[in-house]
There are 2 protein chains.
Amino acid sequence: MNASPRRKELTRLAAQLFVQEGFDRTTVRMLAQEMGIKSGSLFHHFKDKQEILAAVIEEGTQNALSIAKAALNTCDADPESRLHAMARAHLETLFADRNAHVVALFEWRRLDPAARAHLGHLRDAYEALWVTVINEALAAGIIHGDRFLVSKFILGALNWTVRWYDPTGQRTPDDLADELVAMIMSR
Amino acid sequence: MNASPRRKELTRLAAQLFVQEGFDRTTVRMLAQEMGIKSGSLFHHFKDKQEILAAVIEEGTQNALSIAKAALNTCDADPESRLHAMARAHLETLFADRNAHVVALFEWRRLDPAARAHLGHLRDAYEALWVTVINEALAAGIIHGDRFLVSKFILGALNWTVRWYDPTGQRTPDDLADELVAMIMSR
DNA sequence: TCTATAACCAAGCAAGCGCTAGTGTGAGTG
DNA sequence: CACTCACACTAGCGCTTGCTTGGTTATAGA
């Protein structure tokens with residue numbers, strides 16, 4: 001289907017409901033009500049409920065990808081700056097598009113195989129950026145350890161923030177990123 | 001309700017299905033079939049579907065608590081040994097009772113308020129062990145940073161392992177624990 | 001003014017849901 | 001023997017689900 005502005009707005013609302021209730025418990029009637037239309041009208045915009053889920057996740061992942069690329073293009077070239085930039089970019093998009101990313105992280109299994117394959121490639125492209133930056137940091141000796149485990153630990157710590165971080169508190173996402181990088185860097 | 005051995009076995013089967021399908025998509029008919037009984041008979045053992053979820057999570061959390069306590073009681077008294085012991089214990093229970101813990105981590109929101117309050121206290125008791133150990137490690141200067149953030153990052157990295165760790169691979173849970181502790185310790 | 005099209009609606013279908021009611025049944029107990 | 005009780009069964013109620021249908025309205029270009 002197309003990418004009309006209306007559809008984009010509906011996708012944003014769907015993401016919010018999916019986070020609030022979970023994908024399975026969000027009914028097409030709830031989605032329609034939130035969008036100010038009747039449930040039947042929803043199927044004019046999306047062919048089925050699955051497609052709404054895929055649209056939400058695609059939107060979020062695309063944003064993550066472009067934000068991370070932009071961050072790497074504007075930061076300093078040294079491995080430490082690039083590591084900082086990726087961590088900051090990750091948390092920036094995680095909380096700017098929080099709903100979409102929570103859905104991507106916790107409702108991934110509800111995607112049908114076709115959508116999962118398509119979106120899987122998108123996610124791989126994003127993770128490839130991380131692999132590069134972490135390899136550089138390891139080569140430069142500013143962090144140590146098994147490259148696979150280090151990647152998983154860092155991304156785990158970052159992704160888990162959506163479960164406890166309070167954006168209305170005093171800490172900014174950048175604070176979190178800096179603290180995490182400081183924690184794992186050898187001194 | 002009671003804690004008969006039969007009920008314990010049914011709880012184990014339920015945990016497996018909840019992980020495979022998610023709580024919402026697991027129907028009482030599926031549960032019953034897996035247990036080798038008819039759907040109506042299920043309500044002889046559990047008063048409703050909610051209670052099955054609560055039983056699964058309670059089982060997992062109790063195990064985590066006793067394993068962690070045992071680990072702290074048998075390890076050396078220095079902060080580094082205790083940190084190691086907690087990380088190892090966490091991953092040990094995470095993969096010994098993998099199904100129960102995955103349910104606890106990702107289906108927590110499906111608990112009704114009463115069960116959430118009760119199980120919340122259990123979980124708090126477990127997290128209190130972590131707080132103690134991390135405070136000791138900070139005081140001893142073997143790790144650095146904000147105590148709140150450090151806790152969250154460590155637990156995030158550990159909990160996220162259920163999303164990627166392959167128990168049939170070469171790495172043991174203890175390997176993961178050691179690598180994580182090494183990564184965050186100042187050298 | 002005519003027409004194409006996007007957007008919407010009321011109504012409802014078939015399937016599946018959690019759960020209940022009422023009824024055996026076989027093992028243990030007095 | 002009579003009785004209880006844990007456990008399982010059949011049958012289906014009342015409701016919700018995702019999705020479809022057939023038809024109406026708003027808007028904009030020719």
Side-chain angles (χ1 to χ4, degrees), chain A residues 1-58 103 106-116, chain B residues 1-58 103 106-116:
Chain A
M1 289 212 181
N2 56 35
S4 65
R6 179 85 173 119
R7 184 180 151 111
K8 206 160 186 175
E9 171 65 6
L10 298 183
T11 303
R12 210 185 51 80
L13 288 169
Q16 188 191 334
L17 260 184
F18 287 163
V19 169
Q20 228 171 79
E21 307 288 331
F23 177 72
D24 290 328
R25 290 174 103 89
T26 304
T27 69
V28 294
R29 287 163 179 80
M30 293 164 63
L31 286 165
Q33 186 172 15
E34 196 74 10
M35 297 166 177
I37 58 179
K38 298 297 174 179
S39 74
S41 314
L42 212 162
F43 295 90
H44 171 77
H45 302 277
F46 303 91
K47 91 173 220 290
D48 55 20
K49 198 187 167 191
Q50 273 282 330
E51 200 183 76
I52 308 179
L53 178 62
V56 167
I57 296 183
E58 171 141 27
V103 171
F106 298 106
E107 307 285 359
W108 183 266
R109 294 151 28 97
R110 308 269 86 97
L111 287 170
D112 60 33
R116 204 178 312 188
Chain B
M1 289 211 182
N2 56 35
S4 67
R6 178 90 172 117
R7 184 179 152 113
K8 207 161 187 174
E9 171 63 7
L10 298 182
T11 302
R12 210 185 51 79
L13 288 169
Q16 188 191 334
L17 260 183
F18 287 163
V19 169
Q20 229 171 77
E21 308 287 330
F23 177 72
D24 290 328
R25 290 172 102 89
T26 303
T27 70
V28 293
R29 288 164 179 78
M30 293 164 64
L31 286 165
Q33 187 173 14
E34 196 75 10
M35 297 168 178
I37 57 179
K38 299 296 175 181
S39 73
S41 314
L42 213 163
F43 294 90
H44 171 75
H45 301 279
F46 302 92
K47 91 173 220 287
D48 56 20
K49 200 187 166 191
Q50 273 283 330
E51 198 184 78
I52 308 179
L53 178 62
V56 167
I57 296 182
E58 171 142 26
V103 171
F106 298 107
E107 308 284 1
W108 183 267
R109 294 151 26 99
R110 301 290 158 245
L111 288 169
D112 60 33
R116 203 176 314 187

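Chain identifiers are assigned alphabetically (A, B, ...) following the order of the sequence lines, protein sequences preceding nucleic acid strands; residue numbering begins at 1 within each chain. Atoms considered below: every heavy atom in the structure, side chains included; atoms not considered: hydrogens, waters and symmetry mates. All figures in this text were calculated on a predicted structure; none of them were measured in a lab.
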**Asked** Is a side-chain donor or acceptor of E107(B) paired with a backbone partner of F23(B) at a separation under 3.5 angstrom?
**Response**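 Such a contact is found between E107(B) side chain and F23(B) backbone.
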**Asked** Can any side-chain N or O of E34(B) pair as donor or acceptor with the backbone N or O of L17(B) at less than 3.5 Å?
**Response**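 Absent.
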**Message:** From CE of M30(A) over to P of dG18(D), roughly how many Å is that when rounded to an integer?
**Reply:**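 Interatomic distance, CE of M30(A) to P of dG18(D): 9 Å.
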**Message:** Determine whether a donor-acceptor pair (one donor, one acceptor, N or O, separation below 3.5 Å) exists between the side chain of R29(A) and the base of dG18(D).
**Reply:**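 Checked by distance alone, the answer is yes.
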**Prompt:** With sugar-phosphate meaning primed atoms plus P, OP1 and OP2, does K49(A) contact a base, only sugar-phosphate, or nothing at under 4.0 Å between heavy atoms?
**Reply:**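 If one applies the 4.0 Å heavy-atom cut-off, K49(A) turns out to touch the sugar-phosphate alone, with no base involved.
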Just compare [options] and give me whichever is closest to any side-chain atom of [X].
X	options	answer
F43(B)	dG18(C), dC9(C), dG18(D)	dG18(C)
V28(A)	dA8(D), dC19(C), dC19(D)	dC19(D)
S41(A)	dC19(C), dC9(C), dT10(D)	dC9(C)
T27(A)	dT17(D), dA7(C), dC19(C)	dT17(D)
K38(A)	dA7(C), dT10(D), dA10(C)	dA10(C)
H44(A)	dC7(D), dA6(C), dG18(D)	dA6(C)

**Prompt:** Should E51(B) and R7(B) count as an ion pair when the cut-off is N to O under 4.0 Å?
**Reply:**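 Counted as a salt bridge, because a side-chain N and a carboxylate O are separated by less than 4.0 Å.
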**Asked** Got a sec? Which of residues 11-23 of chain B come in under 4.0 Å of DNA chain D, heavy atoms?
**Response**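 Hits under 4.0 Å, by residue number: none.
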